[in-house]
Amino acid sequence: MMNVGLVIFSLLFLAGNYLAYKEKISWFVPFLFVFLSEGTAGLALYFWQGGSRQLLTVCGLVFLFSLLSLFLARFLPGLHALVWAEIVFLVQTGSFMLYRIDPELAIKHIIICFFGLALILPIHWLVRNFQTAPRYYFLYYIAAVGLLLLNNVTMYGATNWTQIEISGLGKLIYQPSEIVKILYSLFLASFLLQKFSWRGFLAASLLSAAIVGILVWQRDLGGAFIFFIIYAAITYMYSHNKLLLLGQWLLAAAAAAASIFFFAHVRVRMISWLYPLKYAQNESYQIVRSLQALMNGRWWGTGLGYGNPERIPVVTSDF
């Protein structure tokens, strides 16, 4: 029953967003559905395993995050309140689903979200005082390349993590590419704003190719593709040349096809995708277990807390 309630509140949230965007109802209504879904998710997890300090911590942190976001939506100018509602909805959904799999990881997740919330105010100030930002395009580029070259930890076939030692806190492992996405976007937009011409476009393309090349060298092909999308989007915003955009995507398709022959882990993933049942005990084990989970849950799912996600390898990752 709780599971059906979560689905209903999710649908009401979507409908409320649409009506609030059309200014038919108050922007506060989607937030109301968010709070109701948080209560329903908390009750579902309570009925699943009973009360615990970890569940109380997660529910309390998610509720506090929602209240702070509601406050910022009301008093911080420049960002539509509905965007805040969607941020809260995604954070609370991710937190409760992650709690179902790994309670300690869920607590870390929501704490990191609070750090992100704390950065909103200084970033908001920077954006409002950003007139001179395009002048420093080369600094963005140097910082982006420098962060990528710091990668020193290999996980799941790609060397796209950096590990540092912090006194008193131990080891911290993070992905610099998440920060580099922002720096690269700032670089490319600023560079083209300063030097937009075919010569400037070629220079920007070569500098972008160097960043993508570093990611390919580190075997972070997914990351390389994301940076290519940023490159294609920003260059099209400046050129409005559809033929150029088509050529870029054809080049990307050719590179993706070539990666199947040059990278063994890409070949494994392609085979797993094409023939999951044939390689169910090895290469496709994760995919097949996930498909089985979806089939067992059917349309409505087994209910929050009643599935067996721990049977799927690396289930807490992006997968």
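In what follows, residues are counted from 1 in the order of the sequence shown.
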Side-chain polar contacts of residues 207-222 - donor-acceptor pairs under 3.5 angstrom, sequence neighbours left out - could you list them?
residue	atom	partner	partner atom	Å
Ser208	OG	Tyr184	OH	2.7
Ser208	OG	Ala204	O	2.8
Gln218	OE1	Asn151	ND2	2.9
Gln218	NE2	Leu148	O	2.8
Asp220	OD1	Gly223	N	3.1

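- Under the 6.0 Å cut-off for aromatic ring centres, Phe33 and Phe13 do not qualify, their centroids lying 6.0 Å or more apart.
- No side-chain heavy atom of Tyr279 sits under 4.5 Å from any side-chain heavy atom of Val268.
- Note: Phe191 and Phe187 have tilted aromatic rings, judged against thresholds of 30 and 60 degrees for the angle between ring planes.
- In this structure, the side chains of Thr162 and Tyr174 come closer than 4.5 Å at one or more pairs of heavy atoms.
- Atom CG of Leu243 has 12 or fewer heavy atoms from other residues, nucleotides or ligands within 6.0 Å.
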Side chains of residues 225-234: which donor-acceptor partners sit under 3.5 Å, not counting sequence neighbours?
residue	atom	partner	partner atom	Å
Tyr231	OH	Ser205	OG	2.6
Tyr231	OH	Gln248	NE2	3.4

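- Residue Val288 shares its hydrophobic cluster (ILVMFWY side chains chained together at separations under 4.5 Å) with Leu277.
- Pro30 approaches Ala85 most closely through the heavy-atom pair CB-CB, 4.2 Å.
- Counting all heavy atoms, side chain and backbone alike, Pro313 lies closest to Gln286 at O-NE2, 2.8 Å.
- Met97 and Leu45 fall into different hydrophobic clusters, where Ile, Leu, Val, Met, Phe, Trp and Tyr side chains are chained together by heavy-atom contacts under 4.5 Å.
- Between the CZ atom in Phe89 and the CG atom in Leu82 there is a gap of 13.5 Å [rounded to 0.5 Å].
- Taking 4.5 Å as the limit, every side-chain heavy atom of Leu202 sits out of range of all side-chain heavy atoms of Trp198.
- Under the 6.0 Å cut-off for aromatic ring centres, Phe63 and Phe35 qualify, their centroids lying closer than that.
- Taken from OG in Ser284 to CH2 in Trp273, the straight-line distance is 12.5 Å, to the nearest 0.5 Å.
- Here the shortest heavy-atom pairing between Ser95 and His109 reads OG-CD2, 3.2 Å.
- Taking a 6.0 Å sphere around OH of Tyr238, one finds it holds more than 12 heavy atoms contributed by other residues, nucleotides or ligands.
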